[in-house]
Trainee: 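Let me begin by handing over the structure; questions about it come next.
All of these numbers come straight from a predicted model, not from anything done at the bench.
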Amino acid sequence: MAAVFLAAKAAAPACFFLLQDRIDAIWRKHLGRVHALARGRALAPAMISGIQSVGGMEGETMRRQAVLAVVAAIMGTAPIAPAAAQTQPGACAFAPAILDAGDFLLAEPATFPNFWRDRFGDDAAYLKIRYGGLAYTEGSALLASLEKRSHPPQRIVELRLAYATTPDRAAMIAGMQPLPKAQSIVPQLGQSAWRALVMEDDGDWLLDELARLQTSDLYQASVAAKGIAQALSALDDQAKSQLAQRAEEAGVWLLALEMRAAEDDLSDYVAYLDRLPPAALIDKRHTGYLRNALNSANLRPFFDISKQPAQVQALDRQNGMGSAIRPIGQLIDHSPQAAILLTLVNQTGDLRLGPTVAGALNAQIAAKQLDPINNPDAVTAAMLNGIDYVLGRREREDNLRHALISEMQGETAESFVDRALARSTLAPFMKGNEAEPPHRPKQLTAAFPWEQWVGLAGRLKAGETIAPEDRIVAADLMIAANRPSDALALLKTAGAWKTAALRAHQLALDLDRRCADLLRPPVALAQPLYQFEPR
């Protein structure tokens, strides 16, 4: 995980200027644009009720705020509130399917594809331990065997550290060596291990190491401090403030700053800015620090701008960015695939995507008209309606055609949306609620193989054997029928193993959301945490 933060931070300056140039160009294009309401397009009543004017976007300052907020989102600095989890994950009705998916993902391919990395084995092992109720000796043996593979899961060390007992974790850390040119092992431990260390001894060891690292390598210490704050984002504001105070007393101002920036009430953060040491190198008005904290906070689902210090509210009033991004942050908390909207805001500069699309969907979810947990495809289909209303179909397709989003598991946003729309449309037919398959949805892209899907749907319902090359699509249809175990059976025997693994991992994540929600990321667009009770 440390490598992710290093890459993101190193790329941030270049990303900033590229994104700014893109938004500047788009803004010139949209200056003479007539508001979508005047185009005579139709929307469902619930979508119309979400339409708001976001105005006030002329000027370079406003355009820069759009860039900053998107960069903050890409770097994963917006905590997501955890959903209520079941006490006993194994009691969930979908636990057998989750374990089945885990076993499939833990099996190595017969022939390793070129440049292949095991990106799913650590998630699968975590699910097997938690949903399978493995004893500590069994879980430890499983993780040790995975670490010895020629292609071990990418986060296996982080998972082992998070799972270990206090003595075992201490022994593992004592045996670790810093990476070349690194001054400490802290950055390479990973967020799950950082969280476990704080839960273990209130962070005493971690604070000592960070204090030393802050003196020898300010950059690495900054990366670690951001990651630690993200790993602890589920704590309440009081707990965050207490750790921030301890970090301040220990002289670890980087962690003290990040922990206060992660609070939903930024009063503590604003007050601390005046106490920062000279090493912080901030401007006298603290504008840069405040803007970064606000951009991140705007994506937090429970952030209330009306309860923030006057200084923060004044900064927010300088443009319409916050009122546009906050509804998207709330929607991402319900539906991770809503990160598509952040990409579109980035690429088009159209802030109506927040209040018009995300705002309306939030209202529908609150009214129980949409179920993001048990029927995420319906949310995606409704989001697509809103996007097309705001941008138009052509612009939506142009922007999603090559967009790669972490929630899409390696496929383009266009492909992800097409499949979700097809599943949503075919669900009534696959469940037996309709006798005839529906017509092709108008919003599908021209290249989508609708006739193949409809033909396979009929064959599945007739109980016919499906060829290996068709089983990836057939698995999607079984997901539409709410038959995840049958979907997994098809994926396990599909011809395209690599794609099957991607889809099995996504299915495991979706089923986990319907059960204990163990793999919910700590912040938007981030990797999930591996969490265990202290032993």
Side-chain angles (χ1 to χ4, degrees), residues 61 65 68-69 71-73 75-82 194-195 198 202-203 206-207 210 214 221-222 224-330 332-333 354 522-524 526:
T61 300
Q65 302 323 305
L68 282 168
V71 170
M75 292 179 70
T77 55
I80 293 179
W194 291 331
R195 178 190 175 277
V198 172
D202 294 330
L206 205 52
L207 283 175
L210 272 178
Q214 185 176 269
S222 176
K226 288 180 183 293
I228 292 167
Q230 290 179 355
L232 301 174
S233 61
L235 300 177
D236 59 32
D237 274 9
Q238 182 179 0
K240 292 174 187 174
S241 181
Q242 289 173 349
L243 181 57
Q245 184 61 39
R246 292 186 60 230
E248 182 179 357
E249 292 169 355
V252 189
W253 65 269
L254 282 168
L255 183 59
L257 183 72
E258 296 298 337
M259 289 305 302
R260 290 181 168 115
E263 297 176 25
D264 281 330
D265 182 351
L266 293 178
S267 299
D268 196 16
Y269 180 80
V270 170
Y272 181 58
L273 290 177
D274 291 326
R275 304 196 303 273
L276 280 175
L281 299 175
I282 67 171
D283 60 280
K284 293 182 179 180
R285 293 184 302 164
H286 314 315
T287 304
Y289 275 85
L290 280 174
R291 199 178 302 284
N292 288 338
L294 179 58
N295 288 335
S296 299
N298 279 332
L299 277 170
R300 293 202 284 267
F302 302 109
F303 180 71
D304 187 344
I305 190 63
S306 69
K307 296 180 180 179
Q308 302 308 313
Q311 192 174 354
V312 176
Q313 293 192 44
L315 190 63
D316 183 69
R317 286 193 296 269
Q318 290 182 5
N319 58 75
M321 195 70 207
S323 60
I325 294 299
R326 284 190 284 273
I328 297 178
Q330 294 165 8
I332 290 175
D333 184 56
V523 296

Trainee: Which heavy atom of R326 sits nearest a heavy atom of I305, and at what distance?
Mentor: NH2-CG2, 3.7 Å
Trainee: Hey, does the side chain of Q214 reach the backbone of L254 with a donor-acceptor pair shorter than 3.5 angstrom?
Mentor: yes
Trainee: Show the nearest heavy-atom pair for residues V252 and L207, with the distance to one decimal.
Mentor: CG2-O, 3.7 Å
Trainee: Once rounded to the nearest 0.5 Å, what's the spacing between atom OG of S241 and atom OH of Y269?
Mentor: 14.5 Å
Trainee: State the CG-CZ distance between D316 and R291, to the nearest 0.5 angstrom.
Mentor: 10.5 Å
Trainee: Which heavy atom of S233 sits nearest to which heavy atom of K240, and what is that distance?
Mentor: O-NZ, 3.0 Å
Trainee: When rounded to the nearest 0.5 angstrom, what distance separates CD in Q245 from CE in M259?
Mentor: 12.5 Å
Trainee: To the nearest 0.5 Å, what is the distance between CG (L235) and CG (L243)?
Mentor: 8.0 Å
Trainee: Can you name the closest pair of heavy atoms from G322 and P327 and give their distance?
Mentor: O-CD, 4.4 Å
Trainee: Taking the side chain as everything from C-beta on, heavy atoms only, tell me whether L257 gets closer than 4.5 Å to L273.
Mentor: yes
Trainee: Rounded to the nearest 0.5 Å, how far apart are CD of Q308 and CG of L290?
Mentor: 11.0 Å
Trainee: Hey, could you give me the CG/CH2 distance between L206 and W194, rounded to the nearest 0.5 Å?
Mentor: 8.5 Å
Trainee: Check each of L299, N295, L294 against I325 using the side-chain contact (heavy atoms from CB on, under 4.5 Å) test, and report the only one that passes.
Mentor: L299
Trainee: Measure from the side-chain N and O atoms of D237 to the backbone N and O of D264, and report whether any donor-acceptor pair falls under 3.5 Å.
Mentor: yes
Trainee: Of the non-hydrogen atoms in A256 and E248, which two are nearest, and what is the gap between them?
Mentor: CB-N, 3.8 Å
Trainee: Determine the minimum heavy-atom distance between L266 and R260, stating which atoms define it.
Mentor: CD2-O, 4.0 Å
Trainee: Given L210 and I228, is the side chain to side chain contact (heavy atoms under 4.5 Å, CB included) satisfied, shown in steps?
Mentor: CA-CA 11 Å; L210 272 178; I228 292 167; 3.5 Å; yes
